[in-house]
Amino acid sequence: MAEFEVEIKPENLVYGTPKLITDRIMHYCPGCSHGTIHKLVAEVIEEMGLAEKTIGVSPVGCSVFAYNYIDIDWVQAAHGRAAAVATAVKRLYPEKMVFTYQGDGDLAAIGTGESIHACNRGENIVVIYINNAIYGMTGGQMAPTTLLGMKTATTPYGRDPKLHGYPYKIADMMAHLDGVCYITRQSVHTPVNVRKAKKALRKAFENAMAGKGLSLVEFVATCNSGWKQSPVASNRWMEENMLPFYPLGDIKDI
Amino acid sequence: MAKIKGTIIVDKERCKGCAVCVASCPFQVLHLSSQVNGRGYPFAEMEHPDQCTGCASCAVICPDSCITVYRQKFE
C-alpha cells in the first residue's frame, strides 16, 4: 500500500491535541471520562478565542488538578464551594468567562446549597457537572447519585432505598429555578456523543458571555476504577444502566 | 477513483492503553501493542493501517489527547 502513504504535514491534519491542553500527563485512570471532557473544554475555549479571558474554578475530587492540564487561569475552591467562588470571580470581572468544573461529590453532595443558590441568583457562569454516580477519588463510596442496587465500597449489597435513600437528578431539580437558562445532559462514551457534547458546551459558554444566566452541562461519566470494570466495559455499563435513569438531552433551553 | 486514506500518530508515552479508541474505531484499524511504554502501559497502534479513513473517531474520544489524525485524498 505504499502508493497510498499519507504524508504527515499540516495540510493533511484532521484532528490534533488542542493547544490549551498542557504536555503534563493526566493523573486520571486509563479511560476516565475527565480526560475527554477536559479536551472538550479546551477545544471550546480555543475555538471561541477566550483563552486569555477564561477563569476556571476547579473542585475537590479527582478533577482538583484540572488547573495542571488546561492552560488558562484557574482558582481552586474549597470542597463544594466552586459555584460560590465563581460567583465572586464573575462579579469582580464581568467581562471574563467563568466556569466551574465539578464532580457529583462536589456539586450534588457537599455543594448542593452553593450550587442551587448560584442557579437561583442566575449568575452568568457555566457549571460543568461530571456525574459518575460514585465517589471516585476516595475509593468508590456511595454518592447521592448512585443508582439503586449499585454496588459500591459503602453499599456492598447494592444501594437500598430504605437504608440509603434514592438517587437524585440535580440537573432536573435546577431546571425549575428561574435564574438558569440552559440545562443539558450529555455523555462522552462514543465519538458521536463527544461531538454533541461539544456543541452543548459551546452553547453554554455563549450563553454565559451573552449574560443570559447560568448554564449547567451535566456529563454522565464513567469511573472504571470505582466501578471495578475495564474502560470499554464501563462505557457499556453506563449506556445500559446509567442512561435509562439519566437520559441524555436538553432539559431546559430558553 | 479518488481514495481517501488516513493515518494516525499515537503519543506512545502519553497513552494509557485504555482501549476506548480500539472500541470506537468503525473499521477495526486499531489494537493495543504487545510492547509497553515507559510507564508500563500497552499503547494503541494501527493493526490494519490500510483501512484507516482518517475519520478521527479514535482521536475525538481519546481521554489523554494522544492521537493526531492525518488524512489525504489520492486521485
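What you are looking at is a predicted structure, and each value in this text was computed from that prediction instead of being measured. Naming: A, B, ... by sequence-line order, numbering from 1 per chain.
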Query raised in the report: If every non-hydrogen atom of Pro30(A) is compared with every non-hydrogen atom of Cys18(B), which pair is closest and at what distance?
Result: C-CB, 3.6 Å
Requested in this report: Would you name the heavy atoms of Glu5(A) and Gln72(B) that are closest together and state the gap between them?
Outcome: O-OE1, 3.8 Å
Could you tell me whether the side chain of [X] and the main chain of [Y] form a donor-acceptor pair under 3.5 Å?
| X | Y | value |
| --- | --- | --- |
| Arg14(B) | Met26(A) | no |
| Lys9(A) | Tyr70(B) | no |
| Thr17(A) | Ser65(B) | yes |
| Thr36(A) | Ile61(B) | yes |
| Lys39(A) | Cys62(B) | yes |

Query raised in the report: Rounded to the nearest 0.5 Å, how far apart are SG of Cys58(B) and OH of Tyr15(A)?
Result: 10.0 Å
Requested in this report: State the CZ-CD1 distance between Arg39(B) and Ile25(A), to the nearest 0.5 angstrom.
Outcome: 4.0 Å
Query - Atom group of Ile9(B) that falls short of 4.5 Å from chain A, counting heavy atoms - result: side chain
Requested in this report: Pick one of side chain, backbone, both or neither for Ala59(B), based on which atoms fall under 4.5 Å of a heavy atom in chain A.
Outcome: both
What part of [X] is in contact with chain B, defined as an atom under 4.5 angstrom from a non-hydrogen atom: side chain, backbone, both or neither?
| X | value |
| --- | --- |
| Arg24(A) | backbone |
| His38(A) | neither |
| Glu11(A) | neither |
| Ile8(A) | both |

Query raised in the report: Testing Ser24(B), Cys55(B), Cys25(B), Pro26(B) for side-chain contact (heavy atoms from CB on, under 4.5 Å) with Pro191(A), which one passes?
Result: Ser24(B)
Requested in this report: Flag the one option from His34(A), Arg195(A), Lys198(A), Glu43(A) with the top tally of heavy-atom pairs under 4.5 Å to chain B.
Outcome: Arg195(A)
